[in-house]
Undergrad: 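I am attaching a structure below and will ask some questions about it afterwards.
Values below: every heavy atom of this structure, side chains too, minus hydrogens, waters and symmetry copies. The shown structure was predicted, so the numbers you read here are calculated from the model rather than taken from an experiment. Labels below follow one simple rule: chain letters A, B, ... track the order of the sequence lines, proteins then strands, and each chain is numbered from 1.
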Amino acid sequence: MAGRGRPGRAGAALVIAMGTLAAACAAPGSNSPQPAATSASPQAAAPTCGTAPITMTGYFETGFPLPKALTTEFSKQHPNVTWNIREDQFAVITQNAPRVLADNPPDLMRLPQVSELVKDDLLKNLDGYAQSFGWDRWPASQLEQLRLGPGGRPRGEGSLYALGLNVSMTGVFYNKKLATQIGMSAPPATLAEFDAVLAKAKSAGITPIVQFNGGATGGLAFPLQNLMASYGPPGPINDWIFQKPGATIDTPPNLQAVQHLERWIKAGYFEKDVNAVDYATMMSRFIDGQGLFTFNGDWESGNLDKQMAGNVGFMLMPSAQEGGKPATMSAPLTFGIAASAKNADCAAFFLNWVATDQRAREIGVEVGGSRPMGPADAYMPEVASDTVTASTLAAGADLAEADGAMDFIANATGAIYAKSWTPNLQKLVAGQQTPQELLKAVQADYASQIEGS
Amino acid sequence: MITAWREAWTGRALLVLMMAVTILPFLSLFVTALHPSGTYPPGLAWPSDPQWGNFGKAFEAANMGELLKSSALIVLGVVPISILLGTMAGFAIGHLRVVGSRVLFVLFVLGLTLPFEGIITPLYYQIRDMGLLNTRWAIILPLIGLFMPFSVFWMRAHFVNMPGELSESARMDGANVWQLFRRIHVPLAMPAISSLGILLFLWTWNQFLLAIVLVDDPAKRTMSGALGAFQGQWGTDIPLLCAGSLLILTPTLAVFLIFQRHFVKALLQGSLKG
Amino acid sequence: MTARPAGVRSSHRRPAKRRSLVGWLFVLPALAFYAVFVLRPIALTFQYSLYEWDGIGPSTWAGPANYGKVFTDPDLFDSLVNAFQLIVFFSAVPVALGLAAAATIRRIAASRLALVARTVLFLPQVIPLVAAGIAWSWLLASTGVINQLLELVGLGGITRAWLGDFSTALPAVGMIGAWVLLGLCTLLLLAGMSKIDPSLYEAARLDGAGAWREFVSITVPSLRQEIAVCVTVTVIAALASFDIIYISTQGGPGNTTMVPGLQIYYLAFSEREVGTASALAMVLMVLVIACAFPIQWFAKDGER
């Protein structure tokens with residue numbers, strides 16, 4: 001080896017390299033721009049999209065045609081507006097939400113759980129728009145889940161940070177042909193009757209429930225929360241989801257619900273490979289007639305009416321007690337505007353249009369299958385009475401009457417679904433988690449996530 | 001003789017088996033891609049009515065034209081600059097042996113095995129602060145840096161074996177260092193440079209993590225990152241997803257088949273030295 | 001180096017010094033890119049790892065607490081354990097199978113078939129890992145080809161959704177990695193074998209050594225360096241795995257396939273625990289270096 005450097009000089013390379021590193025000395029976050037807190041500025045006249053050409057950026061969920069159907073119709077009515085839409089699966093949106101909103105703000109975005117987004121001032125406060133468009137005169141229950149206190153806690157009251165494209169609701173779809181085959185003439189009225197039907201299907205060689213629980217999406221949360229609603233009142237569950245102080249998921253009725261779910265798993269009421277089934281696979285299996293029941297939401301009503309016309313029914317989850325009030329997950333299909341969105345006014349105008357335009361409301365029901373949001377006396381499209389869309393809309397009305405709506409347990413915190421419910425439910429399926437420990441584990445994660453945020 | 005014959009045939013059988021296993025996933029993608037879009041075809045079953053149109057549909061759905069352009073732009077940004085800078089540095093460290101070249105060399109070698117996940121978080125904030133998020137520069141610039149250890153390492157290995165007399169005689173003729181580099185050493189280094197180019201092309205084209213973290217718009221990503229987005233968007237339609245995956249891996253396959261001799265050699269050497 | 005008269009040497013001293021400065025100009029651009037996009041982020045990762053930061057708001061000093069979390073929080077620690085388990089599949093399987101395959105194939109190295117094989121076995125190296133992940137997720141699904149084949153050979157009883165089963169998900173992901181790396185290892189070892197002096201084998205034959213003795217006492221020791229390379233490349237691939245798992249299982253079911261790379265991504269960008277993510281990143285980087293360099297040194301020393 002020739003030309004070896006003398007030790008004194010040899011360090012020069014490092015010195016230069018270190019020089020560039022020295023820039024990294026301030027604590028992280030101390031110099032990053034803080035988005036200005038968005039306060040509600042009262043609007044004189046309701047904003048519009050104007051007449052100049054405008055390109056709206058959207059970030060929507062894969063596999064759900066409603067938002068795109070609406071934006072297409074909107075551009076038809078307002079030709080100056082074009083849309084640049086990116087799509088991802090919901091789990092990915094959940095992961096990306098904070099940094100997309102902060103660093104690459106879309107005008108309109110399908111939102112996951114909003115508490116932490118509000119805490120970090122990533123979402124536009126919509127109070128001003130609510131005033132100028134008159135959203136505050138809509139039935140209050142529609143907007144309850146979208147209101148947040150200062151700093152994002154608790155949810156259920158405070159300023160408005162998002163709006164729904166409609167109000168979706170979950171329950172149990174069933175295959176009518178298979179139901180007749182095992183002698184189920186009417187939907188079961190109690191949980192015990194439901195159990196009996198499931199057992200009958202099982203012994204008839206029919207998969208009783210097709211559900212998804214694979215990858216990052218623990219779909220057994222659907223039957224679980226429905227079972228929770230069968231055993232107990234929705235209030236405490238809602239408090240937990242809304243992060244009210246002292247709320248816990250580890251309650252006796254919820255334990256009964258998890259135990260019931262575990263009995264279903266052990267009895268083989270779900271598909272054997274449920275831990276590897278994703279949402280799309282579940283849908284294709286149910287449509288293909290490979291199972292009697294599936295727990296899902298009315299966003300599939302339109303789709304099911306098309307693909308299984310006349311062969312699909314819907315029921316709300318029966319209560320454990322006879323004559324118990326129905327309760328289930330029901331939430332707006334949440335869309336929001338980034339705090340620093342370029343075209344916030346147009347986005348707000350679009351959201352208002354979705355709720356009030358006649359054609360938009362028709363699309364909402366036909367494509368989306370759920371009740372549109374908006375004033376109580378707004379135009380309601382006609383739906384053929386023999387469709388499952390009609391039964392879900394009717395069930396939605398029953399639910400509203402019984403005040404049985406609650407948000408989804410997966411929406412309690414930003415990470416609770418992927419980090420806690422999904423792995424724990426997958427473990428429950430594999431026999432590696434007990435009901436008691438499952439609730440304890442979820443509650444512990446919840447506590448640390450709330451404390452950490 | 002009999003043992004030799006038997007050995008040859010077990011060798012052959014083993015080889016065929018390994019090739020079959022290697023091909024199987026491609027075959028499955030291909031057969032599945034021909035099923036009607038939206039269905040869940042079970043296993044390997046030739047469809048009764050092959051949907052060749054799925055490839056056209058996927059081409060459009062994946063926006064392949066844009067993707068090809070984007071990946072090509074990224075490769076054009078990364079590969080020439082990495083080669084130029086890597087060759088220059090390798091020349092200085094391996095041949096000129098500048099003062100401190102040992103320390104420099106060790107410094108670069110330390111980065112040789114770096115897992116990209118290790119620095120992806122600060123890289124995100126750095127790129128954001130540079131205002132480059134969501135542009136192709138967000139992939140190009142970090143990749144040049146991340147490929148630098150290997151490029152320098154690779155080119156140094158070449159230059160270390162170049163006899164010093166070569167330069168001495170050129171210097172006698174009055175050539176300065178740049179001329180020496182440009183006229184004498186770069187032409188001699190062409191085999192090493194082209195192997196490096198092939199490896200860098202492949203690694204850039206297939207880069208996934210940087211693409212999904214730093215660029216949201218699939219049309220500005222690498223092929224691999226775009227495939228990730230395509231799965232996000234069309235993951236619910238298996239035949240279309242399979243058709244799209246095949247389309248997206250076709251360009252690398254094509255380049256590979258054209259330059260296969262070079263490719264295999266480069267990859268083998270690349271891992272031996274790396 | 002040839003000896004030179006002292007006068008010549010001293011007359012070259014000044015230009016040599018200048019050459020060194022010019023030489024530095026040659027290194028500088030490479031160094032700049034490396035410093036800005038690799039060294040600085042490494043330093044920042046270390047710095048972040050000492051803070052608690054959600055990536056948006058202000059940060060608070062946390063000292064070594066994040067490192068404590070990496071080793072005590074079962075979710076984080078298990079991801080490291082999983083990565084080491086993946087080594088068995090990413091590393092041991094391709095190297096062992098590759099050795100066996102190469103030893104057998106060597107005899108027909110010149111045939112047409114072997115030439116075709118060189119091309120075919122390389123395909124997995126060339127395609128994006130993402131595509132491998134998509135293809136294999138489909139093969140390993142409950143209605144996939146693997147189960148179809150198993151049923152064909154009368155093993156219908158063990159069919160399952162391989163990526164959704166707690167006991168098989170990690171091995172299944174590992175097999176995808178083995179598929180990607182097997183061809184590379186086989187060809188590397190094959191190339192190494194062609195360099196072994198044939199007279200060694202002849203001598204062994206004369207001594208009456210069987211194929212196995214030959215393999216153990218000649219082939220394997222001569223391939224020391226190639227084996228070390230295979231092990232290094234595959235061990236790094238296992239520890240730093242991301243693409244395949246991101247596509248095929250997202251770490252599930254129940255975290256059984258969670259690996260540090262994916263955990264860092266989730267922690268940093270979805271759970272926004274940048275400090276914890278960075279601590280895990282530091283641990284991962286140190287582990288990779290701690291695994292890679294000894295293997296390399298071991299091989300180099302053996303050679304000299």
Side-chain angles (χ1 to χ4, degrees), chain B residues 7-8 10-12 14-15 18-19 22-23 25 28-29 32 42-44 85-86 88-89 91-93 96 98-99 104 111 113-115 117-119 121-123 126 141-142 144-146 148 152 177 202 206 208-209 223-224 227-228 231 241 245 248-249 252-253 256 260 264 267-268 271-272, chain C residues 19-20 22-24 26-27 29-30 33-34 36-38 41-42 44-45 48 101 104-105 107-108 113 117-128 130-131 134-136 138-139 143-145 148 183 187-188 191 229 233 236 240 242-243 261 264 268 274 277-278 281 284-285 288-289 292:
Chain B
E7 272 170 7
T10 21
R12 250 159 236 207
L14 187 70
L15 207 51
M18 278 173 63
M19 286 185 344
T22 307
I23 294 288
S28 156
L29 277 184
T32 310
L44 263 188
L85 301 191
M88 282 167 58
F91 176 67
I93 294 175
L96 296 179
V98 296
V99 171
L104 276 174
T113 58
L114 180 86
E117 300 100 320
I119 60 165
T121 319
L123 212 45
Q126 185 172 326
L141 297 178
I144 294 175
L146 283 160
M148 216 32 83
V152 171
V177 180
L202 196 63
N206 290 346
F208 181 61
L209 180 67
M223 270 300 179
S224 193
L227 183 53
Q231 197 215 19
L241 177 64
S245 306
I248 280 175
L249 57 84
T252 29
L253 278 191
F256 168 64
Q260 49 170 312
V264 174
L267 267 171
L268 289 181
S271 39
L272 267 176
Chain C
R19 270 216 305 283
S20 207
V22 176
W24 266 88
F26 272 72
V27 183
F33 267 97
Y34 184 52
V36 172
F37 292 104
V38 178
I42 292 177
L44 281 174
T45 301
Y48 290 178
T104 330
I105 293 165
R107 329 239 158 202
I108 55 161
L113 183 68
R118 270 174 91 90
T119 307
V120 171
L121 293 181
F122 244 88
L123 291 179
Q125 273 296 308
V126 178
I127 63 164
V130 181
I134 290 176
W136 276 96
W138 186 233
L139 283 177
T143 57
V145 178
Q148 203 183 19
L187 293 189
L188 261 176
V229 168
V233 170
I236 295 175
F242 177 85
D243 304 15
I264 290 167
V274 176
S278 302
L284 176 64
M285 289 191 280
V288 167
I289 288 187

Undergrad: So which of C:V274, C:I42, C:I134, C:I289 has the largest heavy-atom pair count under 4.5 angstrom toward chain B?
TA: C:I134

Undergrad: Using a cut-off of under 4.5 Å for heavy-atom pairs, which of C:F122, C:Y34, C:F33 has the most such pairs with chain B?
TA: C:Y34

Undergrad: Could you check which of B:G86, B:A92, B:P115 has the highest count of heavy-atom pairs closer than 4.5 Å to chain C?
TA: B:P115

Undergrad: Determine the option with the most heavy-atom pairs under 4.5 angstrom with chain C, choosing from B:A89, B:G111, B:S224, B:P25.
TA: B:P25

Undergrad: Do C:L188 and C:V233 touch side chain to side chain, with heavy atoms closer than 4.5 Å?
TA: no

Undergrad: Got a sec, which residues hit side chain to side chain contact (heavy atoms under 4.5 Å, CB included) with C:Q148, two or more places apart in sequence or on another chain?
TA: B:L44, C:V145

Undergrad: Under the ring-ring contact (aromatic ring centres under 6.0 Å, His included) rule, collect the residues that match up with B:F256, sequence neighbours excluded.
TA: B:F263

Undergrad: Which bit of C:I236 comes within less than 4.5 Å of chain B, counting heavy atoms only: side chain, backbone, both or neither?
TA: side chain

Undergrad: Against chain C, label B:L29 side chain, backbone, both or neither, depending on which of its atoms sit under 4.5 Å from a heavy atom there.
TA: side chain

Undergrad: Would you compute the distance between atom CD of B:Q260 and atom OG1 of C:T119 and round it to the nearest 0.5 angstrom?
TA: 3.5 Å

Undergrad: Counting only non-hydrogen atoms closer than 4.5 Å, does B:M148 touch chain C with its backbone (N, CA, C, O), its side chain (CB onward), both, or neither?
TA: side chain

Undergrad: In terms of heavy-atom pairs under 4.5 Å with chain C, which of B:L123, B:L253, B:I144 leads?
TA: B:I144

Undergrad: Could you tell me which non-hydrogen atom of B:I248 sits nearest to which non-hydrogen atom of B:M223, and how far apart they are?
TA: CG2-O, 3.8 Å

Undergrad: When heavy-atom pairs shorter than 4.5 Å are enumerated against chain C, which of B:L249, B:L141, B:T121, B:V152 gives the highest number?
TA: B:L141

Undergrad: Go through the atoms of C:A101 and report whether side chain, backbone, both or neither lie under 4.5 Å from a heavy atom of chain B.
TA: both

Undergrad: Would you check if the side chain of B:Q126 reaches a backbone N or O of C:V36 as a donor-acceptor pair within less than 3.5 Å?
TA: yes

Undergrad: Could you tell me which of C:I264, C:L121, C:L284, C:L187 has the largest number of non-hydrogen atom pairs under 4.5 Å with chain B?
TA: C:L121

Undergrad: Heavy-atom distance under 4.5 Å to chain C: side chain of B:L202, backbone, both or neither?
TA: side chain

Undergrad: Is there a side-chain contact between C:L113 and B:R12, using heavy atoms and a 4.5 Å cut-off?
TA: yes

Undergrad: Can you find a heavy atom in the side chain of B:L146 that is under 4.5 Å from one in the side chain of C:F37?
TA: no

Undergrad: Which one of C:A292, C:A191, C:A281, C:P124 has the most heavy-atom pairs closer than 4.5 Å to chain B?
TA: C:A281

Undergrad: Among C:V120, C:L123, C:V126, which residue forms the greatest number of heavy-atom pairs with chain B at distances under 4.5 Å?
TA: C:V126

Undergrad: Is the shortest side-chain heavy-atom distance between C:Y48 and B:P122 below 4.5 Å?
TA: yes

